[in-house]
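I have placed the structure first, in the form of structure tokens, so that the comments after it can refer back to it.
Letters go in sequence order (proteins before strands), and every chain restarts at 1.
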Protein chains: 2
Amino acid sequence: MLIGQVATEADVNVQTLRYYERRGLLARPSRTRAGYRRYPEETVRVVRFIKRAQDLGFTLKEIRELLRLRSDRRQNRDQMRTIAEAKILDVDARMRDLRRIRRALATLQESCECSSRTLDCPILEALESDAPARSRTSNGGRKKMRETP
Amino acid sequence: MLIGQVATEADVNVQTLRYYERRGLLARPSRTRAGYRRYPEETVRVVRFIKRAQDLGFTLKEIRELLRLRSDRRQNRDQMRTIAEAKILDVDARMRDLRRIRRALATLQESCECSSRTLDCPILEALESDAPARSRTSNGGRKKMRETP
DNA sequence: CTTGACCTTGTACCAAGGTACAGGGTCCAA
DNA sequence: TTGGACCCTGTACCTTGGTACAAGGTCAAG
């Protein structure tokens, strides 16, 4: 398949495919004599995967890792297993958070007349958690602060 | 509370709070005579909520909507209920996808020696779905294409 | 009454994830 | 043999979600 066809079937822009190639999400494909990229059919599935994974909040970098798991399957078994395990924990955490949000939305939907106080809002409670915040490009260090007596 | 204290407790940058105000996620707070922003305690919880929701892949725009649900609770009940319902469907879809990914990762982790063929990779299968792709800033219209006979 | 830690606005910059355009080559049907 | 639809590379630009100054005002302690 040529690039335009992949783009149409995966419902993305041609430029996006070239961009993914630069970012290492798509392998550099073989070329025709004229220098046109020629993709295997599978590429369409890969691109659709990327798009769905993005919807779930994975970054391109993380998705690249996920895809790498796929191709590295033969060598580095142990290392792979470890990465997979870490991703599973991450996914579990995301699911827990979603369940909370869901519960909150359901509460809102049903019981919006009863709990008429503006405080103790179910939406805010949804994500009030003791769980340590995950990844989120770290930011830890801030400066001194004036005393607050 | 002044802005710096909110920032410290919510573990974000001061600039970020002002940015959220511009983007309509935080209400414009009252000011001291000197023009300093003075926030209610609740703001810390709101900001933490924003951060967790972002981790889940919600955009600031979506989060603004979620928060709006909270404050509009008294008027527009029906409309609110409808939005909440839509969000619930969205959340459900996300969860389904995460479950698939999870299954795929588990498969990878356990059974990486058996399914040694490069095709039918569990990772790709994870998100192969008949479900129509959700939101994802629409992009629908692309141009004509040369016939592919 | 100054100094340091805080606050203000405004504007500029950054990384990620694309998108668009310029300038040019390929290929096939009419 | 030419025109339209496609492909190439390269570079510039856009949006999101912030961060980082610059230039200045506030306020409490020493």
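- B:Pro29 is not listed as a side-chain neighbour of B:Arg38, based on a closest heavy-atom distance of 4.5 Å or more.
- Rounded to an integer number of Å, the gap from A:Tyr36 OH to C:dT26 P is 7 Å.
- When the nucleotides D:dC27, C:dT19, C:dT8 are ranked by their closest atom to the side chain of A:Gln15, C:dT19 comes out on top.
- A straight line from CD of A:Glu21 to P of D:dC7 spans 14 Å, rounded to a whole angstrom.
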Close N or O pairs between protein and nucleotides 15-18 of chain D (under 3.5 Å):
from   : atom 1 : to      : atom 2 : distance (Å)
D:dG17 : OP1    : B:Leu60 : N      : 3.2
D:dG17 : N7     : B:Tyr19 : OH     : 3.3
D:dG18 : OP1    : B:Lys51 : NZ     : 2.9
D:dG18 : OP2    : B:Tyr20 : OH     : 3.0
D:dG18 : OP2    : B:Gln54 : OE1    : 3.0
D:dG18 : OP2    : B:Gln54 : NE2    : 2.4

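- Distance B:Ile3 CD1 to D:dT19 P: 13 Å, rounded to the nearest Å.
- Tested against A:Phe49, the residues A:Val44, A:Leu67, A:Leu25 include a single side chain to side chain contact (heavy atoms under 4.5 Å, CB included) partner, A:Leu67.
- Between the side chain of B:Arg64 and the backbone N or O of B:Arg23 there is at least one donor-acceptor pair closer than 3.5 Å.
- Between the B:Glu62 side chain and the B:Thr59 main chain, a donor and an acceptor come within less than 3.5 Å of each other.
- Counting only heavy atoms from C-beta on, A:Arg31 has its side chain closest to D:dC8 among D:dC8, C:dT9, C:dT26.
- Residues meeting the salt bridge (charged side-chain N to carboxylate O under 4.0 Å, His left out) test with A:Glu65, sequence neighbours left out: none.
- Rounding to whole angstrom units, CG of residue B:Leu2 and C1' of D:dA28 are separated by 13 Å.
- For B:Arg31, the CZ atom sits in a packed shell: over 12 heavy atoms of surrounding residues, nucleotides or ligands are nearer than 6.0 Å.
- Rounded to an integer number of Å, the gap from A:Arg28 CZ to D:dC8 P is 14 Å.
- When each of D:dC8, D:dC27, C:dC27 is scored by its nearest atom to the side-chain atoms of B:Ala34, the top-ranked nucleotide is D:dC27.
- Phosphate proximity of C:dT8 to B:Arg18: present, with a side-chain N or O under 4.0 Å from OP1 or OP2.
- Nucleic acid contact for A:Arg37: sugar-phosphate only, since backbone atoms but no base atoms lie under 4.0 Å from a heavy atom of the residue.
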